[in-house]
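These notes are about the structure you will find just below.
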Amino acid sequence: MSVQYKHQEIEQKWRRIWEERPVNKEEGREKYYCLDMFPYPSGSGLHVGHWRGYVLSDVWSRYKILQGYHVLHPMGWDAFGLPAENYAIKMGVHPAKATAENVENFKRQLKEISAVYDWTKEVNTTDPGFYKWTQWIFVQMFKAGLAYEKEMPINWCPECKTGLANEEVVNGECDRCGTPVTKKNLRQWMLKITAYAERLLKDLEDLDWPDKVKKMQSDWIGKSHGAEIDFQVEGMEEKLKVFTTRPDTLYGATFMVLAPEHGAVAKITQPPKKEEVEHYVFHASMKSSVDRMQDKEKTGVFTGSYAVNPLNGAKLPIWISDYVLADYGTGAIMCVPAHDERDFAFAKQFDLPITQVIRKEGAGEEELLEAYTEEGVMVNSGPFDGMRSTLAKEAVADYLEEQGIGDKTTNYKLRDWVFSRQRYWGEPIPIVHCPYCGTVPVPEEDLPVVLPEVESYQPTGTGESPLAAIEEWVNVPCPTCGKPAKRETNTMPQWAGSSWYFLRYVDVDNSRELVSKEQARKWLPVDMYVGGIEHAVLHLLYSRFYTKFLHDIGVVEFQEPFTRLFNQGMICKNGAKMSKSKGNVVSPDNLVQDYGCDSLRMYELFVGPPELDSEWDDRGIEGVYRFLNRVWKLVHENIGREVPVTQELEKLRNQLIYEVTNRMNNFNMNTTVSAFMEFNNKFLDLSKNQGGVDKETLSTLVVLLAPFAPHMAEELWEALGQEGSVFENEWPVHDESKMKETSVQMPVQVNGKIKATILVEDGEDKESVLAKARGAVEGKLDGRAIQKEVYVPGRIISIVAK
RNA sequence: GCAGUUGUGGCGGAAUUGGCAUACGCGCUAGACUAAGGAUCUAGUCUGGGUUAACUGGGUGCGGGUUCGAGUCCCGCCAACUGCACCA
């Protein structure tokens, strides 16, 4: 009993042994693919916040191994991206070199976690052998018509000097650096993710993902039903098409508004209004999206033209305003101020008429002080008067279709993906521009297009990437006709590699295919994906899009990449997310040294519910460290002791199995740790005050503990005289019949207050229990008569007395 | 503004989904062991009254309700966090 728990020695010992004899064995078992969101290997290294997700997924992986699965638990590097490039600009070090150093450092730190990562399957997005396939996918998309070039005003970050996808703009600011985003007219490569909008939306239903993430994605895709309606411009050939979700309000339209960028603006503007309109359009184009959002007051200008309401012939003045978005719907709207808040504000601002066409049932006519957006009864709507507005929505749309003035349609908020970046450290887009053949994809056998050496990594800011300056790289013969042509010099966004990396893990060395059918069938899709919520729309939406595309061209056989998703909460310190910039990071290094990897692993789980943010407190780790010491003590003081297996021990052992398994299956890792502590306290009590704890119970405890504290579990397994690795066991199964308590203390309530506790034997009948209960509270009834008795077996007896 | 999440001791957090509120741990208090303790062990620790007791009241952000019984369900608020933000 004098053997000390020396965590450093033990952990080194088992790490060495595992390297020679991995605990994860195939043996024809069923597969389980448990994946971490792979990190960007930054220079600053890991803190205890990073540990959390990695510990969660590792505990889960080891749990699955013990449950009999062959587990794939890989790790890799999302290594393209701005920090390495910015570092290169500052220090003149090639990003590849800095990245390699960071990867090495990260890997060393990651090994401290002692996860069951299979390092033979490591991937790195910046490795040409990897990005060959990132480029290959792009070529396939180009061939399928899903990658296309377009000159358009896109989100531009003046700080990063690059274009951004819609998803990368948060509150009008660059997701990466926080600089307000401006618009810039640029030739862009776009990916037609909108072609997958409906499938991306619909397939969310069957995913075992947090509702929050599903909702964020479906809101981002933003499907809405409505109708497109044609409005004739008075005195012109021109017709204006609008999209509305509220065809039921058509009779209430009193004006129209076009986005400043709408194609028909110049044509329909009347000569006297020309200067004013041009002025407005010019200023609207200068506004950044932040300014545009901050404008509370509506602005706008009248074009001088009128449109005709197709249902009642009313003359509707046509205005221009930047509250109408050019790239949603048709860029033009019919305005019903009575029933739309924004139109109402605009009508008040410019003193335009307001016609109510829906009224609350039973209400009379009265002036509207704000837009009435609820449902109600139709008025002032010709043949539709008296109809419920909810029905009129459909009825009016049907009528428009019959008359040939409109069509029922669907719109999505999702926009195509701006895929070009004007930076150096990314995958070159594998395209050649030929003056004769046009846009030609690089032939597959010539992939990868390797990122060339460059003198300056500095972004040019002109919309050209630094690659454009390398003449000998840019100038190539056209792959089709052989005449002089030029390479595309834009690179891909960081999301390109991460959109499909999880497929590559299963077949990392394959030089002929992205992934072989055989390996894909064996391992994919991912069964459990663990990572932060920050990728709810970006990475997770892009990955789903890529997977669906790869499914469509026959590379994989499934449509969704991640069957189950778990978002771990953040680790906070002093109320803020742990980050280097806030200066509140806690390094795992000292903690591992002082308390050991096992203690830190368990504390990462114990700190709080895994899906919620938790506040870090260094002192808390003492608790799990003491616990592990007590487990150590418990096992050692019972080794060699002849302990008879009592009913009590059997009961506790089975209860422990049940509690741990149940909590694990619900992903309640924090309370699983509590359960271990509780039972260990009970075992210690038995060990000290009664005969001890038997070997089977101790062995069971050790097996259950193995996913959490693997080093200690192995060491104790060995100390107990057991054969092989603790991970060669099967996860224990509880025996319900042995878990039962022979008797339980049950509370007795009188009028809702606990007045006594009685001891009830297992299987005791209701009458006997109630008689006991009556006896126990007899003196506390104060002469009141019992009106009602409620008996909930195993829980409570409730007596009502008056 | 809209949507979602959260609100329980000094602190992190439990509560089998309607059944003994505060498990487990941190911290704190007292004691034991000790030359010493930032180690370990023992006892205590929501709060008011009560003799340090028995006992007895209150108590899960606030106000109502349903129920024998509510941290949990319903209605109405408040606060914090997250996401979206003129998507017609």
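Every chain is numbered from 1 and lettered A, B, ... according to where its sequence line falls, protein lines coming before strand lines.
Distance NE2 (His734(A)) to C1' (U16(B)): 13 Å, rounded to an integer number of Å. Straight-line distance from the CD atom of Glu611(A) to the C1' atom of G4(B): 15 Å, rounded to whole Å. G13(B) atom P lies 14 Å from atom CG of Leu605(A), rounded to whole Å. The interatomic distance linking Glu167(A) (CD) with A85(B) (P) rounds to 10 Å, in whole Å. Atom CD in Gln749(A) sits roughly 11 Å away from atom P in G19(B) (whole-Å rounding). Note: CG (Leu325(A)) to P (A85(B)) measures 10 Å, nearest angstrom. Glu374(A) places its CD atom 12 Å from the P atom of C2(B), with the value rounded to the nearest Å. Taking atom CD on Glu615(A) and atom C1' on G10(B), their separation rounds to 15 Å, with Å as the unit.
Look at the P atom in both C62(B) and A70(B): the space between them is 16 Å, to the nearest Å. For the P atoms, the distance linking C26(B) with A39(B) amounts to 11 Å, nearest Å. Nucleotides U56(B) and G7(B) place their C1' atoms 30 Å apart, quoted to the nearest Å. As rounded to the nearest Å, G59(B) and A21(B) have C1' atoms that lie 9 Å from one another. Between the C1' atoms of U6(B) and G58(B), the separation comes to 26 Å (whole Å). On the P atoms, U29(B) is 35 Å away from A80(B), given to the nearest whole Å. Taking the P atoms as reference points, G25(B) lies 31 Å from G57(B), given to the whole Å. The separation of G65(B) from A53(B), taken at their P atoms, amounts to 36 Å, rounded to a whole angstrom.
Phosphate contact (OP1/OP2 of G69(B), side-chain N/O of Asn751(A), threshold under 4.0 Å): absent. At the phosphate of A88(B), neither OP1 nor OP2 sits under 4.0 Å from any side-chain N or O atom of Tyr323(A). Contact between the side-chain N/O atoms of Lys413(A) and the OP1/OP2 oxygens of C84(B) is not found at any separation under 4.0 Å. For Lys788(A) and C68(B), the shortest distance from a side-chain N or O to OP1 or OP2 is below 4.0 Å. Phosphate contact (OP1/OP2 of A15(B), side-chain N/O of Arg795(A), threshold under 4.0 Å): absent. Look at Arg626(A) and you won't find any side-chain N or O under 4.0 angstrom from OP1 or OP2 of G25(B). Of the side-chain N and O atoms in Ser224(A), one or more sit less than 4.0 angstrom from OP1 or OP2 of A88(B). Phosphate proximity of A39(B) to Asn629(A): absent, as no side-chain N or O sits under 4.0 Å from OP1 or OP2.
Residue contacts shown for Asn411(A) are absent, as no nucleic acid heavy atom lies under 4.0 Å away. Heavy atoms of Val792(A) sit under 4.0 angstrom from at least one base atom. Lys688(A) comes within contact range of the sugar-phosphate backbone alone, with a heavy-atom separation under 4.0 Å but no base atom that close. When heavy atoms are screened at a 4.0 angstrom cut-off, Arg663(A) is found touching no nucleic acid atom at all. Gln745(A) comes within 4.0 angstrom of a nucleotide base, judged by non-hydrogen atoms across all strands. The residue Asp343(A) sits apart from the nucleic acid: no heavy atom pair falls under 4.0 Å. Residue-level contact check: Ile333(A) touches the bases, meaning some heavy atom is under 4.0 Å from a base atom. Backbone-only contact: Lys755(A) has heavy atoms under 4.0 Å from sugar-phosphate atoms and none from a base. Within the nucleic acid shown, Asn662(A) has no heavy atom closer than 4.0 Å to any nucleic acid atom.
Across A88(B), G13(B), C20(B), the shortest atom-to-atom separation from the side chain of Asn670(A) is found for G13(B). Counting only heavy atoms from C-beta on, Val170(A) has its side chain closest to C84(B) among C84(B), C24(B), C26(B). The listed nucleotides are G19(B), A15(B), C26(B); the one nearest the side chain of Val790(A) is G19(B). Here the nucleotide nearest the side chain of Asn681(A), chosen from C24(B), A3(B), C84(B), is C24(B). In the set C20(B), A85(B), A88(B), the nucleotide with an atom closest to the side chain of Tyr328(A) is A88(B). For Ile754(A), counting side-chain heavy atoms from C-beta on, the closest listed nucleotide (A21(B), G25(B), G13(B)) is A21(B). When the nucleotides C68(B), C41(B), C20(B) are ranked by their closest atom to the side chain of Ile796(A), C20(B) comes out on top. Comparing atom distances between the Lys215(A) side chain and each of A14(B), A3(B), C24(B) picks out A3(B) as nearest. Looking at the side chain of Val607(A), the nearest of the listed nucleotides C68(B), G58(B), G12(B) is G12(B).
Under the 3.5 Å distance criterion, the side-chain polar atoms of Asp175(A) are left unmatched by any main-chain donor or acceptor of Val170(A).
For U17(B), the base adopts the syn conformation, since its glycosidic angle falls within 90 degrees of zero. Its glycosidic angle being more than 90° from 0, G57(B) falls on the anti side.
Both Thr757(A) and Ile621(A) lie close to RNA chain B; mapped to their nearest nucleotides by heavy-atom distance, the more 5′-ward contact belongs to Thr757(A). Along RNA chain B, the nucleotide nearest Leu684(A) and the nucleotide nearest Met334(A) are compared for position; the residue whose nucleotide lies closer to the 5' end is Leu684(A).
Under the Watson-Crick or G-U wobble criterion, with both distances below 3.5 Å, G12(B) is paired with C24(B). Under the Watson-Crick or G-U wobble criterion, with both distances below 3.5 Å, G50(B) has no partner in any strand shown. Judged by Watson-Crick or G-U wobble contacts below 3.5 Å, the nucleotide A80(B) has U5(B) as its partner. Base pairing of U67(B) is not made with any nucleotide, judged by Watson-Crick or G-U wobble geometry with both donor-acceptor distances under 3.5 Å.
Using a cutoff of 4.0 Å between basic side-chain nitrogens and carboxylate oxygens, Lys688(A) and Glu637(A) are not scored as salt-bridged. Using a cut-off of 4.0 Å between Lys/Arg side-chain N and Asp/Glu carboxylate O, Arg415(A) and Asp327(A) are scored as salt-bridged. Between Glu741(A) and Lys651(A) there is a salt bridge, with a side-chain nitrogen of the basic residue lying less than 4.0 Å from a carboxylate oxygen of the acidic one.
Heavy-atom neighbours of Asn665(A) CG from other residues, nucleotides or ligands within 6.0 Å: above the threshold of 12. Shown here is Lys408(A), whose NZ atom has more than 12 heavy atoms of other residues, nucleotides or ligands within 6.0 Å.
Side-chain contact between Leu605(A) and Leu56(A) is present, with at least one heavy-atom pair separated by less than 4.5 Å.
Annotation for Phe566(A) and Pro610(A): closest pair CZ-CB, 3.7 Å, computed over non-hydrogen atoms.
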Sequence neighbours excluded and cut-off under 3.5 Å, please list the side-chain donor-acceptor pairs for residues 622-631 of chain A, or say none.
residue   : atom : partner   : partner atom : Å
Glu622(A) : OE2  : Tyr595(A) : OH           : 3.0
Asn629(A) : ND2  : Tyr625(A) : O            : 3.0

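In this structure, Trp319(A) has its ring center no closer than 6.0 Å to that of Phe255(A).
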